[in-house]
Visitor: 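The structure's right below; bear with me while I get my questions together.
Chain letters run A, B, ... following the sequence lines, proteins first, then strands; residues in each count from 1. Bear in mind that the values here come from a model prediction, so they are computed numbers and not experimental data.
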Amino acid sequence: MIFYIGVAVLVFAGVLSILVRKTLTKVLVGVHLISLAGSLAFLAGVFGRGHTMSAEAMALLCYIVGLAQVVVGFSFAVRLFYLRGNAELREVARLRR
Amino acid sequence: MISFLLIVLLSVSSLLAATLRDFRRIILCLWLSQLLLGGLALQTGAVFFTFVIWMLSTVLAGVFFSYSLVFGESILFEKDLFGDSGGGRFVGSVGGGLLSAAVAMTLLWVVVGEPVLLQTRSADISSGTMSGGYLQGLGGHYFREPILSIFLVSLVLMVAVLGVAVLTRARRTPPVTRSDVEAAGA
């Protein structure tokens, strides 16, 4: 029972973080909390009902979620630098005129 | 009892991570949450899963910190949940210290206090070839596993991506002047 309460608290915290936060990294924190809730639900299944799902598969899933967060943040960083450079080029063009 | 304590601490630190505003505290709370989740996994005997969770938590804490620097979020010292006054800062520091101490003690209890589970597991998987302590034998066994090697290579790639992200961080460029435009052939 306590496991499922923990899963509910983690999902609540993740959704709260995604909905309330306005910055990208804090939204990533919410996604991370929800992935933690998924891992806790897996552990709840192992503890409570004795399910024998492969822990290696779950580890792979956790790893993929973490990698996805890194890639999303990196792509947004590249986009940010592109926009910043673009704004500087527009400034040069404005000065030319 | 230990599972109850782990889940309570996990819930507290995740709620703190969702509500705090200072990014360094958020990262610390997230890291503690994942360490506690690894402690829960260790209780089931899933040592490999625990190992991956603890490694990922450490790498992701570094990733989040770098991204907060890249996006300029960690330099914003917003008003925190505990307030910016001296008393509020004291409450925040003591609360953080107590949470970290509780996490450290609980993890120590999981690793050291219940060695029978680990001993049985490591004895099963290494079939009596261990000569040193059981944790060292367990680590040696998992380092010979091909899947763990793949995970390690992938983690190195992840750290490389992080390094590229840090290196390509935008520097503050000086403003464009008229002489720059003329030098560019205007």
Visitor: Rounded to the nearest 0.5 Å, what's the gap from CG on L16(B) to CD1 on I26(B)? Could you check?
Guide: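 Here the interatomic distance stands at 10.0 Å.
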Visitor: Measuring from L9(B):CG to L40(B):CG, what's the distance to the nearest 0.5 Å?
Guide: 10.0 Å
Visitor: Under 4.5 Å heavy-atom distance to chain A, tell me which part of I7(B) shows up: side chain, backbone, both or neither.
Guide: side chain
Visitor: Which one, V15(A), I5(A), L10(A), L16(A), leads in non-hydrogen pairs under 4.5 Å with chain B?
Guide: L10(A)
Visitor: Evaluate the side-chain hydrogen bond (donor to acceptor under 3.5 Å, both in side chains) criterion for residues S33(B) and S13(B): first the C-alpha distance (whole Å), next the side-chain angles of each, then the deciding distance (0.1 Å), finally the verdict.
Guide: CA-CA 6 Å; S33(B) 305; S13(B) 58; 3.0 Å; yes
Visitor: For G14(A), is there any backbone N or O sitting under 3.5 Å from a side-chain donor or acceptor partner on S17(A)?
Guide: no
Visitor: Between chain B and each of L33(A), V20(A), I18(A), count heavy-atom pairs under 4.5 Å; write down the option with the most.
Guide: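 Of L33(A), V20(A), I18(A), L33(A) has the most heavy-atom pairs under 4.5 Å with chain B.
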